[in-house]
Structures are given as structure tokens and as C-alpha cells.
Amino acid sequence: MTQPTTAAQKDAPTSAAKSVGEKQGSGPRWGGDVRTLSLLGVLAVLVAVGGITAPDEFLATSNLQLVLTQASVIGVVTVGMTFVITSGGIDLSVGAIVALASVWATTVATQEFGFAGILFTALIVGVACGLVNGLLIAYGRMVPFIATLAMLASARGLALQITDGSTQIVSVKSVLDLGARDSYILGVPPLVLIFAAVTLVGWLVLNRTTFGRRTVAVGGNAEAARLAGIDVRRQRLYLYLLSGLCCGIAAFMLIVLAGSGQNTNGNLYELDAIAAAIIGGTLLSGGRGTIIGSVLGVLVFTTITNIFALNNLETAVQQIAKGAIIVAAVLVQRRSPHGGT
């Protein structure tokens, strides 16, 4: 005779996922606090350097608004990347997806549908690309590096074919108005508010939901997560869908910011997003992720870029500085009790 399923049995996979996530997750609370405080310290030092080297320009309200706006686009991409890396995956195609979504959403045919048409197209293209990545990785059993590298090449090629190498100018006034100074709310650009909303939702999902616990569990030990009752393949599919959605949001933000769509949009976004997540404390091998740390990582890199630009320093030196920061962050991770061998 079949025994009825009890509430405890129904909740077993979720409880097990929580247990696995706690074992494989972010480690002692003080460790995360130290990383966050360290990044805040680095950011404070950078602000001081900017204030000393270019006081009139760097500390101007317009420049601070510019820094936050520039950080917003790559910041949204980094939120999605943080989830993927936490699960033990990687997404090298985010920059190309942003480019494809931005040019597809700014074609003449799409612009005929106005604001809603541009926004919907950007989001659906991002999600569709994430779906392809997720299916190849989760159900096609392809290595994330290879699958997303293929998407990178394909999306860039398709973006170039759509634009034929030209810039597609946006003529929809409501979209352009979103980036105008008149649309600022209490001095805060709308794109920054979108970034803040995505960050808040990302933090809540990763830290306060079953989905977040399962993400950490899959990244910490996929086999243990499977034995705990988690559908690992479906979880990975959802994560790449989430990454694609973030790319679609970022593409729309970039359209608002630039007033156009280009096949070169999102260039090297994948490297910037991965670097920001890593220096923020997200473990590259999976099992630990922090949205706040990733956001601070984005702000650190964006501030460095701004300071170098204001002081007319060469881009090569800027890249060297970023590389040094990434190496230092990885070395700190390796010395961490939960940072790997």
C-alpha cells in the first residue's frame, strides 16, 4: 500500500540544499565582512586619489553621476555573472549578447513599436541567448567555456551582419529622454536606479531564497546537490537564462546611454564582469558568491578608469593596474579558508 507523502518528505530536497549551501557557501560571516570592508577601503582610497589628483573634475557632481551611470551597465551584467560563477560555471558571451540585443532592438523595424518594442526586443534576445547557452551546457553536457565561447562568436557575427558595420541611431524620443538630465530623480540618473533595483533583487534571490541556496549548493558540490534532490541541470538552465536576462537589461540601458546600437557594444564586458565578481569575493571555482562584493568590484574598476581618464594616463597603464588588482584578489582568495587549494 502506498504511503502518503508527508510535509517533511516534501521539504527534504530544500532542507538538504540549504545544508549543502551552508557547508559549501560563503564561510564564516566575518570573512565576508572583511572582504566588503576591504573593498570599501580600496574605494575610499581611490576617491581620495581622484580628489587629490583632479579635485575640480573628479569631485564634481556631474562626474560622480557619470561614474555611477557607467558602472550601472556593466554592473547589471556582473550581477548575472555572479550567479553563474557561484554555480561553478562561466559565461564568456555576455558582451556579445549585449551587442546583439542592442542592435536587434534598434533596427528600423523594431523602433516602429516605440519604447515597449525596443525594451521587449532587448530582453527577449538576451533571454533567448541565455536559453541556448543553458540548453547546451545543462542538457547538451557541453563545457561552459566552450558553449559560451561559441555563443560569443555567433552573437558577434550576427550583430555585425544586422548592422553591416554601421551605427543604428535611436529615434524614439521616450527612450532618449530616459537618459536626459531632466529625467534624473533627486539628482540620480534613472539607469543608476535600475542598477540599484537589479542589485537588490539579485541580493535577495541569492541570499534569501531556495533558488539562491540551490545555486550555492550546485557550485559547491554538484553531485552532493543532485543526491540532495536538486535538479542540477534545470538549475543551471535557469542560471544562464538569468544571465541572458541581465544582458538584455544592460543592452537596453546601453541604448539609452548611447542613443544608438552598435555591433561593438559590450566589448570585453565578459572580462570586466568576471574580474569584478572575483575581486568582490565570488569564488571562481563555485560555491560562494556575493552580490554586494561584485557591485563594489564594479565601482572600483569604474573609478579607476575615471581617474585615469581625468589625468590623461595611458590605457595600457590602466589595464596593468586592473590586472594587478585581479591577481591580488585571486591570491587573497587562495589564502582564504574557503578559497580553494
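Position 1 is the first residue of the sequence; numbering continues from there.
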Mind checking what makes side-chain hydrogen bond (donor to acceptor under 3.5 Å, both in side chains) contact with T53, not counting sequence neighbours?
-> N311

Mind checking side-chain hydrogen bond (donor to acceptor under 3.5 Å, both in side chains) for N267 and listing every partner two or more places apart, or none if nothing turns up?
->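 Applying side-chain hydrogen bond (donor to acceptor under 3.5 Å, both in side chains) to N267 gives none.
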
Pair listing, side chain to side chain donor-acceptor pair (under 3.5 Å) test, anchored in residues 55-80, at least two apart | N63-N306, Q65-R181

Kindly state each residue pair satisfying side chain to side chain donor-acceptor pair (under 3.5 Å) with at least one member in residues 92-114, sequence neighbours excluded.
-> D91-S93, S93-N133, S102-N265, T106-Q168, T107-T110, Q111-S171

Give every residue pair that meets the ring pair (Phe, Tyr, Trp, His ring centres under 6.0 Å) criterion with at least one member in [range], sequence neighbours excluded.
range	value
residues 52-96	none
residues 150-172	none
residues 142-198	none

Residues in side-chain contact (heavy atoms from CB on, under 4.5 Å) with [X], at least two apart?
X	answer
Y238	F211, R234, L241
V201	V205
I124	F120

List, by chain and then residue number, the residues other than L268 in its hydrophobic cluster (Ile/Leu/Val/Met/Phe/Trp/Tyr, side-chain heavy atoms under 4.5 Å); write none if there are no others.
-> L271

Counting only pairs under 3.5 Å, give me each side-chain donor-acceptor contact of residues 248-262, with atom names and distances, residues two or more places apart or in other chains.
none

When rounded to the nearest 0.5 angstrom, what distance separates CG in L39 from OG1 in T290?
-> 8.5 Å

About how many Å separate OG1 of T199 and CD1 of I292, when rounded to the nearest 0.5 Å?
-> 7.0 Å

Please report the shortest heavy-atom distance between A99 and R156, naming the atom on each side.
->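 Residues A99 and R156, closest heavy atoms: CB-NH1, 3.3 Å.
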
What pair of heavy atoms forms the shortest contact from L237 to Y139, and how long is it?
->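 Smallest heavy-atom distance, with atoms named: CD2-CE1, 4.0 Å.
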
Under 3.5 Å donor-acceptor, S87 side chain and V218 backbone | no

Please check if L193 and L299 belong to a single hydrophobic cluster, counting links between Ile, Leu, Val, Met, Phe, Trp and Tyr side chain heavy atoms closer than 4.5 Å.
->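 Linked, L193 and L299 end up in one cluster.
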
Are L206 and Y240 connected in a single hydrophobic cluster, I mean Ile/Leu/Val/Met/Phe/Trp/Tyr linked by side-chain heavy atoms less than 4.5 Å apart?
-> no

With side-chain contact (heavy atoms from CB on, under 4.5 Å) as the test, would you mind laying out the steps for R208 and W203 before giving the verdict?
-> CA-CA 8 Å; R208 294 291 184 267; W203 184 89; 3.6 Å; yes

Of S243, C129, C246, the one forming a side-chain contact (heavy atoms from CB on, under 4.5 Å) with I97 is C129

Under the side-chain contact (heavy atoms from CB on, under 4.5 Å) rule, what do T148 and I137 come out as? Steps first, then yes or no, please.
-> CA-CA 9 Å; T148 57; I137 294 166; 4.2 Å; yes

